[in-house]
Structure formats: structure tokens, C-alpha cells
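Fair warning: this is a prediction, and the values are worked out from it, not measured in the lab.
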2 protein chains.
Amino acid sequence: MASGISLKELAAELKLAPSTVSRALNDSYEISEATKKKVISMAEKLNYHANPFARSLRENKSKTIAVIIPERINSFFAQVMDGIEEVAQEHGYHLLIYNTHEDLEREMKIVNLLLNGRADAIAMSVTSQTKDSSHLQKLHNRGLPIIFFDRVSPEIPTTKFITNDYESTFEGTKHLIQQGCKKIAFLTLGKDLSISKERQRGFQDAITSEGWELQPSMIVQCCHEEETNVKLIEELLLSPNRPDGILSSVEKLAFATYHAVKRTDLRIPYDLKLISFSNASTASLLNPALTTITQPALTIGYECAKLLIKKLTKPNHYDLIDQVITIPSKITIRESTCQD
Amino acid sequence: MASGISLKELAAELKLAPSTVSRALNDSYEISEATKKKVISMAEKLNYHANPFARSLRENKSKTIAVIIPERINSFFAQVMDGIEEVAQEHGYHLLIYNTHEDLEREMKIVNLLLNGRADAIAMSVTSQTKDSSHLQKLHNRGLPIIFFDRVSPEIPTTKFITNDYESTFEGTKHLIQQGCKKIAFLTLGKDLSISKERQRGFQDAITSEGWELQPSMIVQCCHEEETNVKLIEELLLSPNRPDGILSSVEKLAFATYHAVKRTDLRIPYDLKLISFSNASTASLLNPALTTITQPALTIGYECAKLLIKKLTKPNHYDLIDQVITIPSKITIRESTCQD
DNA sequence: TTGTATGCGTTATCAA
DNA sequence: TTGATAACGCATACAA
């Protein structure tokens with residue numbers, strides 16, 4: 001790699017000491033304006049760029065935040081990342097991004113990789129398999145600022161950003177009931193996830209608040225294999241005990257439901273009403289348009305990055321205290337839950 | 001940040017010289033097996049992790065690849081990134097990711113940021129505004145390995161990965177014609193982009209090959225503002241001279257078309273047939289299901305990363321020669337282009 | 001206001 | 001087979 005010139009070379013060119021040049025470039029108060037001008041213009045002329053590794057080594061910080069997500073092709077995570085990036089770029093931070101593909105092994109590997117301090121902080125959403133949190137604990141113990149969004153790890157005492165999972169699911173379920181559903185299934189992923197539990201609790205409470213009995217077969221544990229999910233849901237829909245409403249707690253399971261329905265002669269919303277957590281911009285274009293619980297993804301991203309950067313730039317004034325910050329979701333009613 | 005112990009401290013603990021420990025950890029042939037064992041086990045015990053910045057500084061490489069995309073909420077780019085990450089992770093590379101939001105200013109800023117060597121190589125797709133390539137030229141002149149995918153910069157003599165834009169669009173247009181379209185519009189973004197030009201050329205050649213005359217009003221230049229595009233397309237659809245077929249060269253413009261159609265009393269595919277470049281997994285769930293030209297996104301990602309890593313690990317054996325590598329797209333016919 | 005010297009944590013060269 | 005030393009490029013404490 002033909003890297004650029006160093007501070008020392010730049011200083012030699014200017015007939016100044018490297019320290020002077022360094023200070024000039026960092027706009028130190030001890031350097032005269034005249035010198036600063038000279039230094040800056042020469043730096044530009046010679047195309048000088050400070051070596052980030054030397055700086056990181058010296059200052060023990062990398063101006064880098066690592067973001068770990070379980071899935072990239074997911075409108076929620078993509079929006080969160082856009083939010084994080086927006087704020088990070090503003091503050092001169094770089095983003096190291098890792099996709100665990102919902103694979104715990106991979107998550108552990110990535111987390112271990114970050115143990116070396118490559119990133120100054122971490123924002124993450126765990127995989128749906130993540131139950132044990134010792135790998136995350138290790139990171140946290142090292143003093144590396146870490147926060148969670150959406151898929152949080154409750155055991156780690158830090159700040160977490162989520163949406164009102166319980167309430168949204170409760171309301172979503174109530175909406176299905178209002179629209180005439182008598183038997184509702186709940187599609188979920190990763191039963192150990194705290195948000196899954198909350199969503200399921202919201203669902204169950206909505207059901208029992210009607211005086212209905214909760215049917216275990218209506219809690220459908222899905223996996224990450226699209227085709228497997230489609231089959232699972234298809235079976236559910238073909239069973240004599242089939243639901244007339246589905247609340248999908250994960251976007252991709254809503255899509256799987258559409259596919260499953262296509263394989264039957266059921267029609268949404270006439271034979272089956274569907275509501276799902278989803279941030280897909282195409283929700284309104286689906287056939288039929290999907291009623292969604294939309295999470296404030298961009299805001300969550302902003303807040304994560306803002307908090308992390310505050311913590312990094314003013315470590316003594318801010319702390320990632322052990323709290324859960326809830327930002328509400330919004331339900332948008334569309335055809336998939338229309339009254340017949 | 002409570003960072004871990006250093007090599008020196010580890011060496012002290014072991015009563016060995018730092019250089020010995022370093023060599024042991026790097027599995028040097030000059031170190032005895034016994035010492036290696038001791039060192040490794042002590043390193044594990046004390047939770048030693050090499051400081052990546054010290055190493056980068058010393059070795060003048062960062063094991064990091066920067067990926068620059070114009071848009072994150074886009075199934076094509078998301079898939080390419082997944083592909084790049086897959087290969088990068090395999091080889092121990094990290095990914096620094098930047099979204100330009102189709103903004104040239106931002107692209108220039110990011111590119112300048114990378115001038116300092118923070119990444120060992122770059123894989124990028126330019127914004128639809130990018131016409132002048134001097135900022136990219138600067139990067140290339142520095143000797144930083146850079147390759148392009150999809151939205152390439154023709155002036156930079158390096159390897160570029162694209163799909164068969166001309167042929168796909170030609171075929172797509174022919175398909176519309178076969179399905180009975182008599183007047184076809186072409187939706188495009190960024191008229192300076194080489195792939196846009198290729199796609200437009202494919203479209204035009206398909207039209208003229210029918211002996212039809214090309215109508216300038218059927219080439220619709222869109223922008224990045226969703227609502228503006230929807231209005232533009234709506235106007236097109238309401239004009240007396242309205243098309244009965246649309247080929248959208250960009251996924252988001254297909255979605256905009258769906259929205260625009262909803263505002264009219266036209267129906268796809270009866271009054272308007274639609275085909276679009278898109279990698280959206282929900283294409284088949286849209287109303288109606290969208291006929292797509294699907295790019296080999298994952299493969300493009302793999303190939304980008306493989307080539308870059310080859311170049312980085314064996315700089316003398318591989319070169320990013322100035323060539324365009326074409327990987328064909330696949331047309332999937334769905335309802336949106338059905339015969340009446 | 002500027003210069004000198006040191007060290008951040010590695011790895012590589014040279015010596016033992 | 002191991003150890004001492006220097007250097008990567010920068011920023012800071014201290015000196016002038």
C-alpha cells in the first residue's frame with residue numbers, strides 16, 4: 001500500500017518539530033495562528049492524513065462503534081443501523097458491522113473478536129438463540145461500553161432500548177379480536193428472548209382478558225429456515241383446529257404466513273386475519289396490505305448512538321445505567337385485518 | 001476503558017522476553033513447542049488479546065475492508081453486503097460500512113475519510129449523482145485497492161462487478177412487448193450512472209428493434225424523494241399519452257409505481273404491466289406479485305470480497321485489473337406482467 | 001510559542 | 001531457542 005506521508009515528514013518539509021505540527025493540526029491554543037495556517041496549507045498540499053492506528057494506539061480509542069445485528073435483510077435492523085450511522089457520522093465515528101445470522105456460535109466469535117478493543121463501544125441485538133450471556137458478560141466486565149436494542153440481554157446491567165412489546169402485542173391481539181377473530185395464533189422465534197416473552201405475555205393477557213382459554217397449540221415456535229416455517233404455518237392452517245387470526249411477532253414470519261396461505265385455499269382477511277411486527281415499507285403493497293406494528297427503528301438507532309457517544313466523549317458525566325428505555329410502536333391497520 | 005493486559009505484561013508474568021511471547025503467539029517456527037504451550041495457556045488464563053492498533057501500525061494493515069453503499073434499505077445492497085461479510089469473516093477481515101444515502105457530498109466525505117488508510121481496501125457502489133470521479137481517483141492513486149459493484153465508476157481502472165444490465169433490460173422490455181404492451185415507459189435514476197445508461201440502452205434497443213419509435217416522454221427520470229417519484233409516476237399514468245407497460249430499472253421505483261397506481265383507477269396488470277429490477281424477497285407477495293429482474297447479489301458480494309482478499313494477501317499474484325466482470329441476472333415472471 | 005524526548009503495543013532485526 | 005533493541009506514527013509532558 002502506497003500510504004501517505006507521516007507527521008515527521010510533514011514537519012521536515014515545514015522545518016518545524018513534529019510536535020508543533022501535531023499541535024497545529026489539532027488546533028492547539030499554544031500554536032500561533034500563522035504557524036497553524038502554514039501547517040494546514042502544507043498538510044493539504046502534501047495530502048497529509050494522520051495515521052488512525054498510531055492515533056488509536058496513542059489515545060487508546062478508535063473512534064469506532066461496533067454494531068452487531070442478527071439479520072441484515074430486515075427492515076427494522078436496517079433502519080436502526082441507518083439511525084446509528086447518522087449520529088455516528090456526525091460525531092466522526094466509524095461503524096464496524098457484524099451480522100450474526102441468528103447464529104449463537106457466530107455471535108460468540110464476534111463478541112470475542114471485540115474483546116481486543118477494536119471498537120470503543122458496542123450496540124447490539126442478540127440472536128434469538130442467545131440464552132446464556134456469559135460471552136456478553138465478559139465484554140461488559142472489560143469495561144467496554146455496550147448497549148442493547150430490541151433483542152436485549154437482561155442479565156447485563158446496561159442501558160437497553162426497546163419498544164413497548166407487551167402493550168403493542170396486547171393491543172394487536174385485541175384488534176384481531178375486535179375484528180371478529182375467535183381463535184388466534186401467535187408466531188414467535190427464540191422463546192428465551194426477553195422481547196419474545198414480553199410479546200407472548202401481551203398476547204396471552206389479551207386472550208385471557210376475554211375470558212378465553214389459552215390453547216398451547218396456538219403458540220407457534222418458528223425457526224430461521226424460511227421453508228420450514230412456511231410448512232409449519234401451512235400445517236397450522238390446514239389443521240381442524242386452525243386459527244382465524246395470527247399475530248406474528250417477527251416480520252419474516254408474516255411473510256412466511258403469506259406464503260403458507262397461498263398454498264391453501266384460505267384468503268386473508270376473510271378466513272384469516274394477520275397482524276405483524278414489521279417495519280417494511282412495502283407492507284402497504286402486499287396482497288393484501290399488511291396490518292403492522294411498526295417499531296420506532298430510526299429513533300432507536302439515534303438514541304443508541306447518542307447515548308454511546310455521550311458515554312465515550314464524557315465518560316464521567318454519563319453512565320450506561322441499568323435501565324430499559326421504551327419507545328412506543330405504532331399500529332397501522334390495513335386490509336389484512338379488515339372486517340369481512 | 002479498562003483494556004486488557006499487554007504483551008509486555010504477559011511476558012513479565014511468564015518471565016520471558018516480549019519478543020519471545022510475540023513469536024510464540026504467532027506460532028513462529030523458532031519457538032519450542034513447550035514454550036508455545038506455556039505462553040498460549042498463560043495468554044488464555046490472563047485473557048490476553050493483541051492490540052489491533054499496535055499491530056496495524058506495525059504491519060501497516062488493518063484487516064479491515066470498507067464497504068460503501070448508496071442505500072441500506074435495499075434488498076440488493078443488503079444481500080451484497082451479506083456476501084462480502086461472509087467471505088470477509090472467513091478470512092478474519094472486519095467490515096467498515098458507510099451509507100452515502102445517494103448523496104454525492106457524503107460520498108466525497110467518506111471517501112476522503114478513507115484516504116488515511118483506515119481500511120485496507122474498498123468495495124463500493126457509487127451514488128446515482130456521481131459523475132465526476134476525481135475523489136475516487138484520489139483513492140485509487142493512493143494505491144488503495146478499490147473495486148466497484150453495480151454502480152461502477154468507469155474511469156477508475158480497476159475490477160468491477162455488474163450484472164448483464166443491457167441484456168436483462170432488453171429481455172425485460174421484450175417480455176412486456178410479448179405480453180401485449182404497446183407503449184412502455186422506462187423509470188430510471190441518475191442518468192450519469194453507467195449501469196443506468198446500459199439499462200436504458202437495452203430498453204431503447206428493444207423498443208426500436210420492434211420498429212417502434214422511441215418517445216422521449218417515456219424515459220422517466222426519477223429522484224430519491226419517494227413522494228416526488230410517486231407523483232411523477234401518477235402524472236405519467238394520468239396523461240393522455242400514458243404507457244401500458246413500465247420497466248423500472250430500480251427497485252424503489254417499482255414500489256413508487258405501486259403507490260402511484262393505487263391513486264388512479266388503473267389496475268396492474270390489466271391496464272399497466274410492470275417489471276422491475278429487484279431482489280426483494282417479498283416480490284411474490286405484492287399485489288399483484290411483481291415480475292422481477294433479480295441480480296446475483298450474494299454472488300457479487302462473494303466475488304468482490306474474494307478478489308479483494310486475494311489482492312490483499314497475495315499482492316504480487318493478483319491484480320485488480322481494469323475489467324468488468326458480468327454475472328447474469330434472472331427474470332422471474334409473475335402476475336404484474338400477466339397477459340389479460 | 002516552539003522543540004525534545006518518551007511511550008502507546010506490536011513485530012522484526014540482530015545478537016546471544 | 002531466546003533476548004535486547006528499534007521502529008511503526010502519533011500526542012503529550014516537559015524543557016526552552
Trainee: Mind calculating the distance between OH (A:Tyr29) and C1' (C:dT1) to the nearest angstrom?
Mentor: 11 Å
Trainee: Return the value, rounded to whole Å, for the distance between atom CZ of A:Arg118 and atom C1' of C:dG9.
Mentor: 14 Å
Trainee: Return the nearest nucleotide to the side chain of B:Ser6; candidates are C:dG9, D:dT1, D:dC10.
Mentor: C:dG9
Trainee: If I compare all heavy atoms of A:Ser128 with all of A:His224, which pair ends up nearest, and what's the gap?
Mentor: OG-CE1, 2.6 Å
Trainee: Figure out the CG/P separation between A:Asn51 and C:dT10, and round it to whole Å.
Mentor: 16 Å
Trainee: For B:Asn60 and C:dT10, give me the distance from atom CG to atom C1', rounded to whole Å.
Mentor: 13 Å
Trainee: I'd like a table of atom pairs between the protein and nucleotides 11-15 of chain D - only N or O on both sides, under 3.5 Å - with the distance next to each one.
Mentor:
from, atom 1, to, atom 2, distance (Å)
D:dA11, OP1, A:Arg55, NE, 2.6
D:dA11, OP1, A:Arg55, NH2, 2.7
D:dA11, OP2, A:Ser22, OG, 2.9
D:dA11, N3, A:Arg58, NH1, 2.1
D:dT12, O4', A:Arg58, NH2, 3.2
D:dA13, N6, A:Arg23, NH1, 3.3

Trainee: Which residues satisfy the salt bridge (charged side-chain N to carboxylate O under 4.0 Å, His left out) test with A:Glu86, sequence neighbours excluded?
Mentor: B:Arg106
Trainee: In this structure, how many angstroms lie between the P atom of D:dC8 and the NZ atom of B:Lys61, rounded?
Mentor: 18 Å
Trainee: Is B:Thr35 near enough to D:dT1 that one of its side-chain N or O atoms lies under 4.0 angstrom from OP1 or OP2?
Mentor: no
Trainee: Could you list the residues that satisfy salt bridge (charged side-chain N to carboxylate O under 4.0 Å, His left out) with B:Arg23, not counting sequence neighbours?
Mentor: B:Glu30
Trainee: Check the surroundings of atom CD in A:Glu105: do more than 12 heavy atoms from other residues, nucleotides or ligands lie under 6.0 Å from it?
Mentor: no
Trainee: What is the separation between atom CG on B:Asp27 and atom C1' on D:dT1, rounded to the nearest whole Å?
Mentor: 15 Å
Trainee: For residues 58-94 of chain A, which residue pairs pass the ring pair (Phe, Tyr, Trp, His ring centres under 6.0 Å) check, not counting sequence neighbours?
Mentor: A:His94-B:Tyr98
Trainee: Expressed as a whole number of angstroms, how long is the span from B:Leu57:CG to D:dA7:P?
Mentor: 14 Å
Trainee: Please name all residues satisfying side chain to side chain donor-acceptor pair (under 3.5 Å) with A:Asn116, sequence neighbours left out, ordered by chain then number.
Mentor: none
Trainee: Run the side chain to side chain donor-acceptor pair (under 3.5 Å) test against A:Asp27 and tell me which residues pass, sequence neighbours left out.
Mentor: A:Lys36
Trainee: Could you give the NZ-to-P distance, from A:Lys8 to C:dG3, as a whole number of Å?
Mentor: 16 Å
Trainee: When you match B:Lys36 and A:Phe53 each to their closest nucleotide on DNA chain D, which lands nearer the 5' end?
Mentor: B:Lys36
